[in-house]
Amino acid sequence: MPELPEVATYQKVFERHAVGKPIREVVVNDAKILRNLTAEQFVEQLTGRTFIGTYRRGKFLFGELDNHAYLQLHFGMTGDLVPYQDPADAPRFERFRLHFTDGSVLGFDDSRKFSHIVWVDDLPAYLLSRKLGPDALEISEDTFLQLLAGRKGQLKALLLDQHALAGVGNLYADEICFQARLHPASRLDGLSDEHKRLIFQLMQEILSSAVERLAYYREYPENWFWQWRQLGRPGPEGIGVVQRATIAGRTTYFVEGWQVLV
DNA sequence: TGTGATGTTGAATG
DNA sequence: GCATTCAACATCAC
């Protein structure tokens, strides 16, 4: 689930269900996803503190604490935030949970344990050291064009490269390529300026629409590709059959012919 | 029962 | 340094 629109939605959940509420108790069920602190340290650092805000860059969400340290939440492939009150509603793969003084609970669910929870003392320094690119919804068209200049790799590889551009994942990369009618293996050095501007524009449109709809796929526009994104399906309006290939190291779906290889 | 999965990293190769 | 490929991480769902 968690690409930029999903994480932007988790940010809203976090703002609503965690920010401003003193933490009464912290329970760790599985410390595997805690990257730079032990379960004991995690509990000790958070108990009694209050989150006062959030920051998001790409797929990385940070909760700011009242001592101005940050807690990084990266959701991996299957991470999720689940607010609840009744213990019976705890998510199945809850790795830790925060109890607030008002009695509410926020659980962190993650079946595959690819999430990364990191304690961050100095956020700007941390972001620099991680070499995270600009957020895909914040980047300007000019900066985006500069990013592409001089690059020779594949279009999809760029979209997925979090050091170049933070936020686009496998699903939305395929969506952008489909709507731009460009084959995901197209070479960046073969793209015209018009192509590049089109990619930028579609990226903004797709991501912001998805954010507006809270990453709730069933409310996405009918002509979006995700619902055809399956091997062998007839694409929309008979444009061709959906194919599957490994591109930029990831399973990629596209419609040959409809999406031009540049 | 095997296969694939919305992510990231680090190593190896060219 | 750049581009690319691959394995690893850990587990679930179909």
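In this text the structure is predicted, and so the values were computed from the model without any measurement. Lettering of chains follows the sequences in order, A, B, ..., and the numbering in each one begins at 1.
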| said: Rounded to whole Å, please give me the gap between CD in A:Gln162 and P in B:dT6. | reply: 14 Å

| Which whole-number value in Å describes the distance from A:Lys59 NZ to B:dT9 P? | 10 Å

| message | Could you check whether A:His195 and A:Ser192, counting side-chain N and O atoms only, form a donor-acceptor pair closer than 3.5 Å? | response | yes

| said: Side-chain heavy atoms under 4.5 Å apart, restricted to Ile/Leu/Val/Met/Phe/Trp/Tyr: what other residues fall into the cluster of A:Tyr70, or is it alone? | reply: A:Tyr55, A:Phe60, A:Phe62, A:Val118, A:Val120, A:Leu123, A:Tyr126, A:Leu127, A:Leu132

| field | Residues which pass side chain to side chain donor-acceptor pair (under 3.5 Å) with A:Ser140, listed by chain and number, not counting sequence neighbours | value | A:Thr143

| message | Counting only heavy atoms and a strict 4.0 angstrom limit, can you tell me which residues of residues 129-136 of chain A come near DNA chain C? | response | none

| request: Find the distance A:Ile176:CD1 to B:dT6:P and express it as a whole number of Å. | output: 15 Å

| request: Kindly give the heavy-atom pair with the smallest separation between A:Leu158 and A:Ala164, and that separation in Å. | output: CD1-CB, 4.0 Å

| Hydrophobic cluster mates of A:Tyr84, side-chain heavy atoms under 4.5 angstrom, ILVMFWY only, any path? | A:Val82, A:Val105

| said: Can you confirm whether A:Pro221 sits close enough to A:Arg213 that some side-chain heavy atom of one is under 4.5 Å from a side-chain heavy atom of the other? | reply: yes

| query | Which nucleotides of nucleotides 9-14 of chain C have their base under 4.0 Å from a protein heavy atom (B), which only their sugar-phosphate (S), and which neither (-), written as one string 5' to 3'? | reply | BBBSS-

Could you list the donor-acceptor pairs under 3.5 angstrom formed by side chains in residues 246-262 of chain A, with sequence neighbours left out?
unit_1   : atom_1 : unit_2   : atom_2 : d
A:Thr252 : OG1    : A:Lys156 : NZ     : 2.8
A:Thr252 : OG1    : A:Arg250 : O      : 2.9
A:Trp258 : NE1    : A:Phe178 : O      : 3.4
A:Gln259 : OE1    : A:Val255 : N      : 2.8
A:Gln259 : NE2    : A:Cys177 : O      : 3.4
A:Gln259 : NE2    : A:Leu182 : O      : 3.1

| query | Could you give the CE-to-P distance, from A:Met77 to C:dA8, as a whole number of Å? | reply | 16 Å

| query | By side chain to side chain contact (heavy atoms under 4.5 Å, CB included), which residues pair with A:Ala136, not counting sequence neighbours? | reply | A:Leu4, A:Leu165, A:Val168, A:Met203, A:Leu207

| task | Calculate the interatomic distance between A:Leu4 atom CG and B:dT8 atom C1'; express it in whole Å. | result | 16 Å

| query | Does a salt bridge link A:Lys152 with A:Asp189, judged by any charged N lying under 4.0 Å from a carboxylate O? | reply | no

| said: Could you tell me how far C:dC6 sits from B:dG4 if I compare only their P atoms? Round to whole Å. | reply: 14 Å

Polar pairs (N or O, both sides) under 3.5 Å between protein and nucleotides 1-5 of chain C?
unit_1 : atom_1 : unit_2   : atom_2 : d
C:dA3  : OP1    : A:Lys152 : N      : 3.3
C:dT4  : OP1    : A:Arg187 : NH1    : 2.9
C:dT4  : OP1    : A:Arg187 : NH2    : 2.9

| request: Only counting residues at least two apart or in another chain, list the ones meeting side chain to side chain contact (heavy atoms under 4.5 Å, CB included) with A:Glu141. | output: A:Leu145, A:Arg197, A:Phe200

| message | Let's test your reading of the pairing rules: Watson-Crick or G-U wobble, both distances under 3.5 Å, then write DNA chain C as a dot-bracket string with ( ), [ ], | and dots. | response | .||||||||.||||

| Under-4.0 Å side-chain N/O to phosphate OP1/OP2 contact, A:Tyr253 with B:dA5 | yes

| task | Report the hydrophobic cluster partners of A:Ile52, with the cluster defined as I, L, V, M, F, W, Y residues connected by side-chain heavy atoms closer than 4.5 angstrom, directly or transitively. | result | none

| task | Starting from P on C:dA8, measure out to NE2 on A:His116 and report it in whole angstrom. | result | 17 Å

| said: For A:Arg244 and A:Arg250, find the nucleotide of DNA chain B closest to each by heavy atoms; which residue's nucleotide sits nearer the 5' end? | reply: A:Arg244

| task | Would you please say whether a donor-acceptor pair under 3.5 Å links the side chains of A:Glu175 and A:Gln179? | result | yes

| Can A:Asp110 and A:Arg95 be counted as an ion pair, charged N to O under 4.0 angstrom? | no

| field | Integer-rounded Å distance: B:dT6 P and A:Tyr10 OH | value | 14 Å

| query | How would you label the contact of A:Thr251 with the nucleic acid (heavy atoms, under 4.0 Å): base, sugar-phosphate, or nothing? | reply | sugar-phosphate

| Just how far, in rounded Å, is C1' of B:dG7 from CG of A:Asp161? | 13 Å

| Looking only at side-chain N and O atoms, does A:His74 come under 4.0 Å of OP1 or OP2 in B:dT8? | yes

| field | Set of ring-ring contact (aromatic ring centres under 6.0 Å, His included) partners for A:Phe42, sequence neighbours left out | value | A:Phe96

